[in-house]
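Counting begins at 1 with the first residue of the sequence. Model, not experiment: these values are computed from the prediction.
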Amino acid sequence: QVQLVESGGGLVQPGGSLRLSCAASGNIISINTMGWYRQAPGKQRELVAVMSSVGITNYAGSVKGRFTISRDNAKDAVYLQMNSLKPEDTAVYYCNLVQYRSLSYWGQGTQVTVSS
């Protein structure tokens with residue numbers, strides 16, 4: 001089994017920054033993909049950014065140039081640096097890990113609210 005725990009969410013003003021962290025534990029193999037999804041009220045969960053264990057990244061077009069994903073494979077951790085935040089970034093952000101291609105694990109989520 002795999003467990004994911006997010007931290008770093010909170011309330012921030014437009015234009016501000018937050019850094020999200022996710023720590024994974026359990027039966028994790030070295031070949032995997034970790035990343036972040038978000039879900040706003042009344043909307044479907046959407047991909048924000050993901051990174052494979054060999055460094056390949058994929059970002060949502062709405063966050064390119066503002067968000068940066070990084071990971072520490074030795075610590076089984078993934079991070080999301082969010083800059084120039086906008087009100088439309090408000091959502092619950094979920095950490096995700098996929099291994100053996102089809103096995104997907106989710107954290108409990110952390111709330112990010114961007115408001116003045």
Side-chain angles (χ1 to χ4, degrees):
Q1 61 179 355
V2 173
Q3 299 82 41
L4 303 172
V5 180
E6 305 100 333
S7 63
L11 175 65
V12 65
Q13 294 184 352
S17 297
L18 285 173
R19 179 179 169 88
L20 305 183
S21 299
C22 174
S25 62
N27 298 322
I28 303 165
I29 63 171
S30 60
I31 303 172
N32 61 63
T33 298
M34 296 186 72
W36 299 91
Y37 291 70
R38 67 187 182 188
Q39 187 166 24
K43 306 277 285 186
Q44 295 292 318
R45 189 174 298 185
E46 66 175 351
L47 182 147
V48 178
V50 296
M51 177 179 279
S52 75
S53 49
V54 295
I56 305 299
T57 60
N58 188 31
Y59 291 89
S62 59
V63 308
K64 283 184 177 179
R66 299 188 298 121
F67 293 8
T68 302
I69 189 170
S70 61
R71 58 184 290 171
D72 186 336
N73 292 345
K75 296 181 179 180
D76 292 325
V78 65
Y79 310 93
L80 187 68
Q81 179 65 47
M82 305 185 294
N83 298 327
S84 302
L85 282 161
K86 304 174 180 179
E88 49 262 47
D89 295 318
T90 296
V92 177
Y93 284 69
Y94 296 91
C95 183
N96 173 258
L97 183 151
V98 177
Q99 61 184 4
Y100 299 111
R101 202 183 86 175
S102 62
L103 293 179
S104 183
Y105 304 88
W106 296 92
Q108 293 298 308
T110 184
Q111 176 70 231
V112 172
T113 302
V114 184
S115 177
S116 59

Q) Does the side-chain contact (heavy atoms from CB on, under 4.5 Å) test come out yes or no for Leu11 and Gln111, once each step is laid out? A) CA-CA 8 Å; Leu11 175 65; Gln111 176 70 231; over 6 Å; no
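- Note that CD1 of Ile29 and CG of Asp76 are 11.0 Å apart. Values are rounded to the nearest 0.5 Å.
- A donor atom on one side chain and an acceptor atom on the other are not found under 3.5 Å apart for Thr68 and Gln81.
- Taking CZ from Arg66 and CG from Leu85, the interatomic distance works out to 6.5 Å, rounded to the nearest 0.5 Å.
- Taking every heavy atom of both residues into account, Ile69 and Ala49 meet most closely at CD1-O, 3.5 Å.
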Q) Under the side-chain contact (heavy atoms from CB on, under 4.5 Å) criterion, do Val78 and Met51 qualify, and how do the steps go? A) CA-CA 9 Å; Val78 65; Met51 177 179 279; 5.6 Å; no
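- Once rounded to the nearest 0.5 Å, the distance linking OG of Ser70 with CE of Met34 reads 11.0 Å.
- A distance-only check finds no donor-acceptor pair linking the side chain of Asn32 to the backbone of Leu97 [under 3.5 Å].
- Taking 4.5 Å as the limit, some side-chain heavy atom of Tyr105 sits within range of a side-chain heavy atom of Gln99.
- Checked by atom type and distance alone, the side chain of Glu6 never pairs as donor or acceptor with a backbone atom of Thr110 at under 3.5 Å.
- Atom-to-atom distance recorded for Asn27:CG and Leu103:CG is 11.0 Å, nearest 0.5 angstrom.
- A pairwise comparison of heavy atoms in Ala91 and Arg38 identifies CB-CB, 3.8 Å as the closest pair.
- For the pair Asp89 and Met82, the minimum side-chain heavy-atom distance is 4.5 Å or more.
- The two residues Ser17 and Ser84 come nearest to each other via the heavy atoms OG-N, 4.4 Å.
- The cluster map of Ile, Leu, Val, Met, Phe, Trp and Tyr, joined by side-chain heavy atoms under 4.5 Å apart, puts Val50 and Leu80 in different clusters.
- In terms of modelled atom types and a separation under 3.5 Å, the side chain of Ser116 and the main chain of Gln13 share no donor-acceptor contact.
- To the nearest 0.5 Å, the span separating CZ on Arg71 from OG1 on Thr33 amounts to 7.0 Å.
- Residue Gln108 qualifies as open at atom CD: its count of foreign heavy atoms under 6.0 Å is 12 or below.
- Residues Tyr79 and Tyr37 fall into different hydrophobic clusters, defined by Ile, Leu, Val, Met, Phe, Trp and Tyr side chains chained together at heavy-atom separations under 4.5 Å.
- For the 3.5 Å distance criterion, the side chains of Ser104 and Asn96 qualify, holding a donor opposite an acceptor.
- Cluster membership check: Val48 shares its hydrophobic cluster with Val12, using side-chain heavy-atom separations under 4.5 Å among Ile, Leu, Val, Met, Phe, Trp and Tyr.
- Under the 4.5 Å side-chain heavy-atom criterion for Ile, Leu, Val, Met, Phe, Trp and Tyr, Val2 and Tyr100 are members of the same hydrophobic cluster.
- The OH atom of Tyr59 lies 13.0 Å from the CH2 atom of Trp36; values are rounded to the nearest 0.5 Å.
- Classification of the Tyr94-Trp106 ring pair by plane angle, with boundaries at 30° and 60°, yields perpendicular.
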